Novice: 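Please see the structure below; I have some questions.
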Amino acid sequence: MGVVRFSVVTAFPEYFHAFLNTSIVGKAIKEGKIEVEIVNLRDFAQNSYGQIDDYSYGSGGMVIMPEPLYKALESIKSDKAYVVYPSPQGVILTQDVVEALAAKDHVILICGHYEGIDERFVEKCVDLEISIGDYVLTGGELPAMVIIDAVSRLIPGVVGKKEAVLEDSFYKGMLDYPHYTRPAEWNGIQVPEELTSGDHERTARWRMRQAALRTLSRRPDLLSRAGIRPYLSQGIYVMLVHHPVLNKNDEVVTSAVTGLDLHDISRSCMTYGVDKFLVITPLKSQRDMIHKITAHWERASKEGLNPMRSEALNLVKTFNSIEFAIMWIKRREKEKPFIVATTAKKRKGAIPWLELKRTILEQDAPLCLVFGTSWGLADEIFNQVDAVLDPILGGYGEYNHLSVRSAVAVALDRLFGSR
């Protein structure tokens, strides 16, 4: 990422003096990590009186005229310029928007004032309108500063430690954890023991848990875009069931294991931080086949052939029944897992995806996601689980027949992927 250049068009350039000469932004400018130029809109006024605004047609307050804005823009616009207008009508400024702006070479910020700017200029010249919140300010200068500050933090070297940016609220979709400094006791309130213990792993676990709890209590709406896997201290398991499952006549059968499912699901599990991929089949011949596949890729890895495939397939573990698999998870985690069955059919009592995400984060218990092959899990399984998840729906038409490997990938991304 190169130097990001900001140009600010404003009728009140004096607003920016202190902002551009102090703190992190001022230091970044001096070190050449960002560039900020302030363009005085009055230099492009319509007449010798410095007029840049006029009354709104149809009654109302003063509106900045399009011609001074256009002349100012033409004087600074580059080939890669991206024009932003801070406006109450704009999209809400989020970390995603900030990251998108940080990828631009040249961001031009048009500061409105009074009742705003002429809509014709917006239609012709503005690439994006941005709002910093659902309230109205006197002008666009403060939002412009907010945008510059937020984007600047993502430029390498502007903030001293890269970790400080990565741990910011919203960067990973979650709120930040609480922070403390000396003294260790203030007004009878102690700094949490986990932070003064000297145990770095204990501190990290505490911070992750506090970030999760804070997000749950204050901004649960953020969970839809947050990657929550790092905030869970217990194991995550994906279970692929080949018995008992249904055939197309709703009869309980045992389905065949396929190599494609093993390869694709194990890679999805590795990508999203799943601890083990459990394959359930009562047929010894099928379990032996699975072992041959994983052993083949382990040997291939030692010979330097596709080690990432072997790494993913190392997550595979076979069992002859669901019951034995659950017992194994319980022994491994020293706690009963929260078992969630998936289905392609709508079932009474099924919980929405975001509710499951919230529950997982709140309970912080081991999680086992159960997927059926063939025509889905047998009915008896749904009576043995803690929850049933809403089916994956594409939102278009009635067709709903994803392959199980596709369903696993979608489910893991919805629950553990970052937006």
Side-chain angles (χ1 to χ4, degrees), residues 201 227-230 232-245 247 253-335 337 339-342 366-377 381 392 401-418:
E201 288 189 9
I228 67 171
R229 183 64 187 99
L232 301 173
S233 62
Q234 308 291 353
I236 305 295
Y237 301 87
V238 164
M239 182 184 293
L240 184 64
V241 177
H242 291 273
H243 181 86
V245 293
N247 64 13
V253 297
T254 299
S255 62
V257 175
T258 71
L260 197 57
D261 285 348
L262 293 178
H263 286 270
D264 285 0
I265 294 176
S266 64
R267 285 188 287 176
S268 292
C269 289
M270 195 75 196
T271 299
Y272 290 97
V274 171
D275 292 80
K276 279 293 180 182
F277 170 27
L278 314 178
V279 183
I280 312 300
T281 176
L283 303 178
K284 185 177 183 301
S285 60
Q286 297 279 279
R287 296 197 300 274
D288 290 343
M289 183 192 75
I290 295 170
H291 295 151
K292 284 183 180 179
I293 292 173
T294 56
H296 165 78
W297 284 100
E298 185 175 354
R299 289 192 300 270
S301 175
K302 291 177 180 178
E303 296 171 4
L305 300 174
N306 205 343
M308 288 186 290
R309 184 67 58 88
S310 173
E311 186 179 8
L313 286 169
N314 279 337
L315 296 179
V316 176
K317 189 172 181 62
T318 62
F319 292 91
N320 61 12
S321 72
I322 294 174
E323 291 73 22
F324 277 118
I326 297 299
M327 288 172 57
W328 180 83
I329 296 174
K330 188 175 180 180
R331 287 197 302 270
R332 190 173 196 250
E333 297 286 338
K334 298 180 176 57
E335 185 177 346
I339 306 168
V340 180
T342 63
L367 174 70
C368 181
L369 295 169
V370 184
F371 295 85
T373 54
S374 192
W375 287 69
L377 297 167
I381 295 177
I392 296 169
H401 296 276
L402 291 174
S403 66
V404 68
R405 55 188 176 274
S406 296
V408 171
V410 170
L412 293 180
D413 187 67
R414 286 187 179 182
L415 293 174
F416 304 119
S418 296

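Every value quoted in this text rests on a predicted model; they were computed, and no experiment measured them.
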Novice: If you take all heavy atoms of G235 and Y237, which pair is closest and at what distance?
Specialist: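 Distance-wise, the nearest heavy atoms are C-CE1, 3.7 Å.
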Novice: Output, in order, the C-alpha distance, side-chain angles, deciding distance and verdict of side chain to side chain contact (heavy atoms under 4.5 Å, CB included) for L412 and V238.
Specialist: CA-CA 9 Å; L412 293 180; V238 164; 4.1 Å; yes
Novice: What pairs of residues pass the side chain to side chain donor-acceptor pair (under 3.5 Å) test when at least one of them lies in residues 272-286, not counting sequence neighbours?
Specialist: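 Pairs touching residues 272-286 that pass the test: R229-D275, Y272-D413, K284-D288.
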Novice: Quick check: does any side chain N or O of T373 sit under 3.5 Å from a backbone N or O of V241, one acting as donor and the other as acceptor?
Specialist: yes
Novice: Measure across I280 and N320 and return the closest heavy-atom pair with its distance rounded to 0.1 Å.
Specialist: CG2-C, 4.2 Å
Novice: So which atom in G259 and which in I293 form the shortest heavy-atom distance, rounded to 0.1 Å?
Specialist: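 The answer is CA-CD1, 4.3 Å.
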Novice: How far apart are the C-alpha atoms of V257 and M289, what are their side-chain angles, what is the distance that settles it, and do they pass the side chain to side chain contact (heavy atoms under 4.5 Å, CB included) test?
Specialist: CA-CA 9 Å; V257 175; M289 183 192 75; 3.7 Å; yes
Novice: OG/S266 to CG/D261 distance, rounded to the nearest 0.5 angstrom?
Specialist: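 Interatomic distance, S266 OG to D261 CG, rounded to 0.5 Å: 10.0 Å.
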Novice: Check the pair L278 / L240 against side chain to side chain contact (heavy atoms under 4.5 Å, CB included), numbers first and verdict last.
Specialist: CA-CA 6 Å; L278 314 178; L240 184 64; over 6 Å; no
Novice: Please report the closest heavy-atom contact between C269 and L315, naming both atoms and the distance.
Specialist: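 Closest approach of C269 to L315: CB-CD1, 3.8 Å.
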Novice: So, for M239 and C368, which heavy atoms are closest and what is the spacing to 0.1 Å?
Specialist: CE-SG, 3.7 Å
Novice: Quick one: closest heavy-atom pair of G372 and L377, and the distance?
Specialist: CA-CD2, 3.5 Å
Novice: Are any side-chain N or O atoms of T271 and backbone N or O atoms of R267, one a donor and one an acceptor, separated by less than 3.5 Å?
Specialist: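 Confirmed, T271 side chain pairs with R267 backbone.
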Novice: How far does OG1 of T254 sit from CG of N247, to the nearest 0.5 angstrom?
Specialist: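 These two atoms lie 11.0 Å from each other.
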Novice: Could you give the distance from CD1 (I326) to CZ (F319), rounded to the nearest 0.5 Å?
Specialist: 9.0 Å
Novice: Is the side chain of T294 donor-acceptor paired with the backbone N or O of H291 at a distance under 3.5 Å, no angle test?
Specialist: yes
Novice: Within this structure, what is the CG-CD1 distance for the pair L367 and I339, rounded to the nearest 0.5 Å?
Specialist: 9.5 Å
Novice: Given S255 and H243, is the side-chain hydrogen bond (donor to acceptor under 3.5 Å, both in side chains) satisfied, shown in steps?
Specialist: CA-CA 7 Å; S255 62; H243 181 86; over 6 Å; no
Novice: How many angstroms lie between atom CE of M270 and atom CZ of R309, to the nearest 0.5 angstrom?
Specialist: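 Reported to 0.5 Å precision, the distance equals 13.0 Å.
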Novice: Checking side chain to side chain contact (heavy atoms under 4.5 Å, CB included) for the pair M308/N306: CA distance, chi angles, key distance, verdict?
Specialist: CA-CA 5 Å; M308 288 186 290; N306 205 343; 4.2 Å; yes
Novice: Could you measure the distance from the CD1 atom of I265 to the OG1 atom of T258? Nearest 0.5 Å is fine.
Specialist: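 Reported to 0.5 Å precision, the distance equals 7.5 Å.
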Novice: Would you check if E335 and Q234 make a side-chain contact, meaning some heavy-atom pair closer than 4.5 Å?
Specialist: yes
